[in-house]
Amino acid sequence: MLGPVILAASRSDRMRRLISAAPVTKQVVDRFIPGETVADIVPIIKDLTARGLELTMDVVGEDITTPEQATAARDAYLALIDHLKDLGLGERVEMSVKLSMFGQALEGGHELALANVRPVVEAAAAIGTTVTLDAEDHTTLDSMFAIHEDLRKDFPQTGCVIQAYLFRTEADARRLAASGSRVRLVKGAYKEPAEVAYQQKHEIDKAYVRILRTLMEGEGYPMVGSHDPRLIAIAQELAHKAGRKLDEYEFQMLYGIRGEEHLRLAAEGHRMRVYTAYGTDWYGYFMRRLAEKPANLRFFLRSMVSKG
């Protein structure tokens, strides 16, 4: 399987240098990451929202090694929120944040990440939107869930992400489904050991459906993070059986993948949110997109060959 190999490469400085230096890389990266600055991304936000879509914005960057970098990450999100306020699009665009970017892995990282993310959540609430805490590798999740619980005391709309391939997630979903929180379910895109995660696609898919059923039957707001046509159809069926209206759950897909499906779902009346990343530190995000789906890797390799 190529996925684990690509995920390992996402942590390699040598591979980062090699891929970053390839002439074709920027053209391919632009498919998934349409800009490096807020100014770059504003036209994308305007275009997608005009098409009836909603967005969740991710300022890419996870390799934080100093508190100053974590503060800079916080400030990048605050600048984004200022732009959304000026555009009057607060209710259509939320933020997704990785707590590693806010200093979670540093000394005293739990408290540092909470201190950095709270002003972002406060600013988002002030313009009528919210923040979702992205899930990272399994060693970070207890801290993420604790921060999520803390933030929800003052900002109950704060969301979080759970990953179907982890054994623990079915229990996490039962707890979160009863809490009224916003929960995005994804398959998972980190290299995890067999002791904590399913390794085979069919096992992950079965777990995804079990967890999604729990979320749909619960009291929270499910966010279906998948591009898989079969899982999208299952999600619609589960929502119908649970008696959910179209505005009581949503679909989320990545910018650059299945754009026509985004528009189709929105045209049918579904809430369809596009996960849109931007920034200069794109490497880790880009490599996980390649690992998630063989078609993405084929697209990259074909581009390299055609431009060679």
Atom pairs and distances, side-chain donor-acceptor, residues 213-225, under 3.5 Å, sequence neighbours left out:
residue: Thr214; atom: OG1; partner: Arg210; partner atom: O; Å: 3.3
residue: Tyr221; atom: OH; partner: Glu250; partner atom: OE1; Å: 2.7
residue: Tyr221; atom: OH; partner: Arg271; partner atom: NH1; Å: 3.1

Name of the residue among Val121, Leu133, Leu80 meeting side-chain contact (heavy atoms from CB on, under 4.5 Å) with Met95
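Testing Met95 for a side-chain contact (heavy atoms from CB on, under 4.5 Å) against Val121, Leu133, Leu80 leaves exactly one candidate, Leu80.
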Is any side-chain heavy atom of [X] closer than 4.5 Å to a side-chain heavy atom of [Y]?
{"X": "His138", "Y": "Tyr190", "result": "no"}
{"X": "Ile64", "Y": "Leu106", "result": "yes"}
{"X": "Val186", "Y": "Ile162", "result": "no"}
{"X": "Leu263", "Y": "Arg51", "result": "yes"}
{"X": "Lys98", "Y": "Val60", "result": "no"}
{"X": "Glu54", "Y": "Met272", "result": "no"}
{"X": "Thr132", "Y": "Arg182", "result": "yes"}
{"X": "Gln199", "Y": "Ile204", "result": "no"}

Verify the distance criterion only: is there a donor paired with an acceptor across the side chains of [X] and [Y] at less than 3.5 Å?
{"X": "Ser96", "Y": "Arg184", "value": "yes"}
{"X": "Tyr278", "Y": "Asp40", "value": "no"}
{"X": "Thr169", "Y": "Asp172", "value": "no"}
{"X": "His270", "Y": "Gln236", "value": "yes"}

Gap separating the [atom1] atom of [X] from the [atom2] atom of [Y], nearest 0.5 angstrom:
{"X": "Leu112", "Y": "Leu99", "atom1": "CG", "atom2": "CG", "answer": "10.5 Å"}
{"X": "Thr276", "Y": "Ile33", "atom1": "OG1", "atom2": "CD1", "answer": "11.0 Å"}
{"X": "Ser181", "Y": "His148", "atom1": "OG", "atom2": "NE2", "answer": "4.5 Å"}
{"X": "Asp150", "Y": "Glu111", "atom1": "CG", "atom2": "CD", "answer": "10.5 Å"}
{"X": "Thr56", "Y": "Tyr255", "atom1": "OG1", "atom2": "OH", "answer": "15.5 Å"}
{"X": "Ser226", "Y": "Tyr208", "atom1": "OG", "atom2": "OH", "answer": "4.5 Å"}

Show the numbers, then the answer: is there a side-chain contact (heavy atoms from CB on, under 4.5 Å) between Arg92 and Leu55?
CA-CA 7 Å; Arg92 303 287 302 280; Leu55 288 84; over 6 Å; no
Does Val131 form a side-chain contact (heavy atoms from CB on, under 4.5 Å) with Val120? I'd like the steps, not just the answer.
CA-CA 8 Å; Val131 170; Val120 176; 4.1 Å; yes
Glu170, CD atom: more than 12 neighbouring heavy atoms under 6.0 Å
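Counting neighbours around CD of Glu170, more than 12 heavy atoms of other residues, nucleotides or ligands fall under 6.0 Å, so yes.
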Might you confirm whether atom CD of Glu107 has over 12 heavy atoms from other residues, nucleotides or ligands at distances under 6.0 Å?
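Open.
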Hey, mind stepping through Glu122 and Leu78 against side-chain contact (heavy atoms from CB on, under 4.5 Å) and telling me if it holds?
CA-CA 10 Å; Glu122 291 175 348; Leu78 293 175; over 6 Å; no
Restricting to non-hydrogen atoms, name the atom on [X] and the atom on [Y] that form the minimum distance, rounded to 0.1 Å.
{"X": "Pro34", "Y": "Ile41", "answer": "CG-CD1, 3.5 Å"}
{"X": "His262", "Y": "Leu53", "answer": "O-CD2, 3.5 Å"}
{"X": "Phe145", "Y": "Leu176", "answer": "CE2-CD1, 4.0 Å"}
{"X": "Ala197", "Y": "Leu166", "answer": "CB-CD2, 3.9 Å"}
{"X": "Ala164", "Y": "Ala207", "answer": "O-CB, 3.5 Å"}
{"X": "Val59", "Y": "Tyr77", "answer": "N-OH, 3.0 Å"}

Selection residues 66-84 - residue pairs positive for salt bridge (Lys or Arg N to Asp or Glu O under 4.0 Å), sequence neighbours left out:
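Every candidate salt bridge (Lys or Arg N to Asp or Glu O under 4.0 Å) pair involving residues 66-84 fails, so no pair, neighbours aside, qualifies.
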Quick test of your reading of the model: are [X] and [Y] salt-bridged, counting only N-O distances below 4.0 Å?
{"X": "Glu149", "Y": "Lys153", "value": "no"}
{"X": "Asp154", "Y": "Arg118", "value": "yes"}
{"X": "Arg264", "Y": "Glu260", "value": "no"}

Walk me through whether Arg258 and Asp228 qualify under salt bridge (Lys or Arg N to Asp or Glu O under 4.0 Å).
CA-CA 10 Å; Arg258 303 199 71 203; Asp228 187 327; over 6 Å; no
For the backbone of [Y] and the side chain of [X], can you confirm whether one donor and one acceptor N or O come within less than 3.5 Å of each other?
{"X": "Arg273", "Y": "Gln252", "answer": "no"}
{"X": "Glu136", "Y": "Ser100", "answer": "yes"}
{"X": "His227", "Y": "Leu254", "answer": "yes"}
{"X": "Thr71", "Y": "Gln69", "answer": "no"}
{"X": "Ser143", "Y": "Thr140", "answer": "no"}

Apply side-chain contact (heavy atoms from CB on, under 4.5 Å) to Asp142 and Arg168, showing your working.
CA-CA 11 Å; Asp142 286 341; Arg168 65 172 288 170; 3.0 Å; yes
In this structure, would Met253 and Val161 fall into the same cluster of hydrophobic residues linked by side-chain contacts under 4.5 Å?
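Unlinked, Met253 and Val161 end up in two clusters.
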Got a sec, which residues hit ring-ring contact (aromatic ring centres under 6.0 Å, His included) with Tyr198, two or more places apart in sequence or on another chain?
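For Tyr198, the residues satisfying ring-ring contact (aromatic ring centres under 6.0 Å, His included) (neighbours in sequence not counted) are Phe167.
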